[in-house]
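Presented below is the structure to which this report refers.
We count ligands from 1, going down the list as the structure has it; atoms in each ligand are counted the same way. No experiment lies behind these values; they were computed from the predicted model shown.
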Amino acid sequence: MKHCRVAIIGGGASGMAAALAALRVPVQGGGSKAEGSVVVFERNRRTGEKIRISGGGKCNLTHAGPVDAILEEGFLRKGERRFLRHALHSFTNEDITAMMDAEGVGLEVRPDGKVFTAGGDANAVAEALSRRMQRAGSMLMYASRVMRVKRREGMFELDTEGGMFRAERLIIATGGASWPQLGTTGDGVRFGVSLGHKKTPLSPALAPVYLIDPPCNGLSGIALRSVTLHASSGKEKSSRNGDVLFTHRGLSGPAVLSLSRDVALIMQSTGSCSMMADLFPFHEEAALEDELLLHAARNGGQMVRKFLQSCPIAPTGRITGGNHPNGTIPTAFVACILRHAGIGDDTVWGGLQKKARHSLLSVLKRFPLGSVSKVPMEQGEVSAGGVVLGEVNPKTMESRLVPGLYFAGEVLDYTGEIGGYNLQAAFSTGWLAGTSAAQPPQE
Ligand SMILES: Cc1cc2nc3c(=O)[nH]c(=O)nc-3n(C[C@H](O)[C@H](O)[C@H](O)COP(=O)(O)OP(=O)(O)OC[C@H]3O[C@@H](n4cnc5c(N)ncnc54)[C@H](O)[C@@H]3O)c2cc1C
């Protein structure tokens, strides 16, 4: 059985950061590069497969700005923000950008704060980390899946495709369970549970939402800007404001990706979930009705269809005149609105009965998108759930139950929003876990 000081399962963003940090800590009685002291087990033939496909192949590797703003905007749940605070301060967005700079990987900060590779090449990030890791002296075991992990006599025994290993410290950095074809099949959560940890079930997040039936035919490719999307089943409700894109199977776009975690949880707990869109989120229903009434009184001969075709979507001020930052209701969507409101194509405002006006108002405020069939885990950018945060020390990433055991990255029960937050959290938790795991034992 081979021996190592620190074993890291997973050569993704968090595992590579952990190895780099562990190799900075001097080994007792030697340098930090003692042969085989840090071993990374990666089941793929190369490291960082998810980094390579991230950000549409351009890698949105972090977000610009102060750490507290990153926590606030990137992690919607308070408990997750609290857990990640120390890690994100230990290895910041500036630390990862400086590391990329030192490796000659150019970056650009977009106006919305997302930090991407300047050359649009996500591979460059994975290669830079891999190169640095090898230079630092970590031993990389490629195509080496860890099958089982046991704790014996204060050490960890790893049963791997490359043989048996014994490690003094173990870092589980196996990622989540989305995109399983890239090696992330939830193994780390299984290892955590086998070592006594509790888990929150894994579920999709930052994923598209599939619908049982599309609300109308021919909407695929149409985008609704800045609407409010509501998901609900019984008493369970959640909503997000942002852009929504119709796809051939359902919905995507920023608001959908962000809401998908809650949609999946609603589906899990109630077995169903219906979706609605508020096309006028900045107008109370009564105020919108007043504006429609005023418009109808002044334009009795105008077809409702014509009005809707030039009607702003999600206006922040008056619906007629003024500044419309979100454009107008897409023409292809207008027919769909009329159909759902039960209003004929040629109906003019003067001929619109009160009941039909109320029906139109209701559709504009609660456009029925239909029932969810699935939130596909395999299409999610991340998975939610994982090893519960309360059993891991946020100051060190060490297990509160098993001394010498550490967790890093998406295997933990946190989920970031789109914007570089997930990779930053993986780098930060990995760095902190690596630094902590490499410390000499306390006498
Ligand atoms: C399509 C897509 C686009 C994304 N784009 C972005 C983006 O632009 N910005 C952003 O911030 N986030 C993005 N993400 C999310 C981000 O990639 C992940 O959150 C991040 O990679 C998680 O890092 P990790 O180290 O925890 O896990 P991973 O990077 O997934 O690494 C885990 C590694 O562990 C290995 N492994 C698993 N089990 C075993 C085992 N038993 N034995 C050995 N090895 C094992 C896996 O092969 C994998 O290489 C994207 C994700 C996807 C799928």
Side-chain angles (χ1 to χ4, degrees), residues 7-19 39-63 70 74-75 87 93 96 110 114-117 120 122 125-126 129-130 140-149 158-162 165 170-192 194 204-208 257 376-384 386-387 397 407-431 433-434:
I8 301 172
I9 312 180
S14 63
M16 288 197 277
V39 180
V40 179
F41 298 90
E42 171 51 57
R43 62 189 284 188
N44 293 320
R45 297 196 169 276
R46 56 183 190 174
T47 47
E49 283 293 359
K50 262 196 188 156
I51 296 177
R52 293 170 197 269
I53 59 156
S54 66
K58 296 178 176 164
C59 187
N60 173 199
L61 85 165
T62 186
H63 205 93
I70 290 180
F75 301 90
N93 48 358
I96 187 66
R110 296 200 176 163
K114 292 177 185 162
V115 180
F116 275 85
T117 50
V125 174
L129 291 169
S130 198
L140 275 154
M141 301 287 292
Y142 290 117
S144 190
R145 184 178 184 181
V146 176
M147 313 302 288
R148 269 168 297 276
V149 172
L158 278 66
D159 182 358
T160 85
E161 286 175 337
F165 280 76
L170 174 63
I171 302 176
I172 298 182
T174 46
S178 74
W179 282 67
Q181 66 272 35
L182 294 184
T184 41
T185 48
D187 286 4
V189 178
R190 189 163 54 78
F191 300 150
S194 77
L206 302 185
L257 298 184
M377 175 73 105
E378 64 284 1
Q379 297 284 318
E381 286 204 5
V382 293
S383 54
V387 171
M397 296 293 136
F407 295 94
E410 216 183 297
V411 69
L412 288 161
D413 182 14
Y414 70 77
T415 305
E417 292 290 295
I418 296 274
Y421 303 108
N422 284 296
L423 279 172
Q424 181 62 53
F427 294 135
S428 297
T429 53
W431 188 266

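- For the atom pair F41 CZ and L170 CG, the distance stands at 9.0 Å (nearest 0.5 Å).
- Within the structure, ligand 1 has E42 among the residues with a heavy atom less than 4.0 angstrom away.
- Residue contacts with ligand 1, taken as heavy atom pairs separated by less than 4.0 Å, involve L423 via backbone and side-chain atoms alike.
- In this structure, L182 is part of the shell of residues with a heavy atom less than 4.0 angstrom from ligand 1.
- Ranked by closest heavy atom to atom 3 (C) of ligand 1, the top entry among S54, G175, S383 is S54.
- Contacts of A426 with ligand 1, taken as heavy-atom pairs under 4.0 Å, involve the side chain alone.
- Under a 4.0 angstrom heavy-atom cut-off, S144 registers as being in contact with ligand 1.
- Side chain of R46 to main chain of Y142: no donor-acceptor pair is present (N/O by atom type, distance under 3.5 Å, no hydrogens or angles).
- Between F165 and G162, the closest heavy-atom pair is CE1-O, 4.0 Å.
- Note on ligand 1: I51 sits outside its first shell, no heavy atom being nearer than 4.0 Å.
- Between R45, R148, M16, R43, it is R43 that holds the heavy atom closest to atom 43 (C) of ligand 1.
- The distance from the CZ atom of R43 to the CD1 atom of I9 is 11.5 Å, given to the nearest 0.5 Å.
- In this structure K58 satisfies the side-chain contact (heavy atoms from CB on, under 4.5 Å) test together with R110, F116, T117, sequence neighbours excluded.
- Counting only residues at least two apart or in different chains, salt bridge (charged side-chain N to carboxylate O under 4.0 Å, His left out) contacts with residues 420-429 are absent.
- Among G12, S14, C59, the residue whose heavy atom lies nearest to atom 24 (P) of ligand 1 is S14.
- At a heavy-atom distance under 4.0 Å, only side-chain atoms of D187, from C-beta outward, approach ligand 1.
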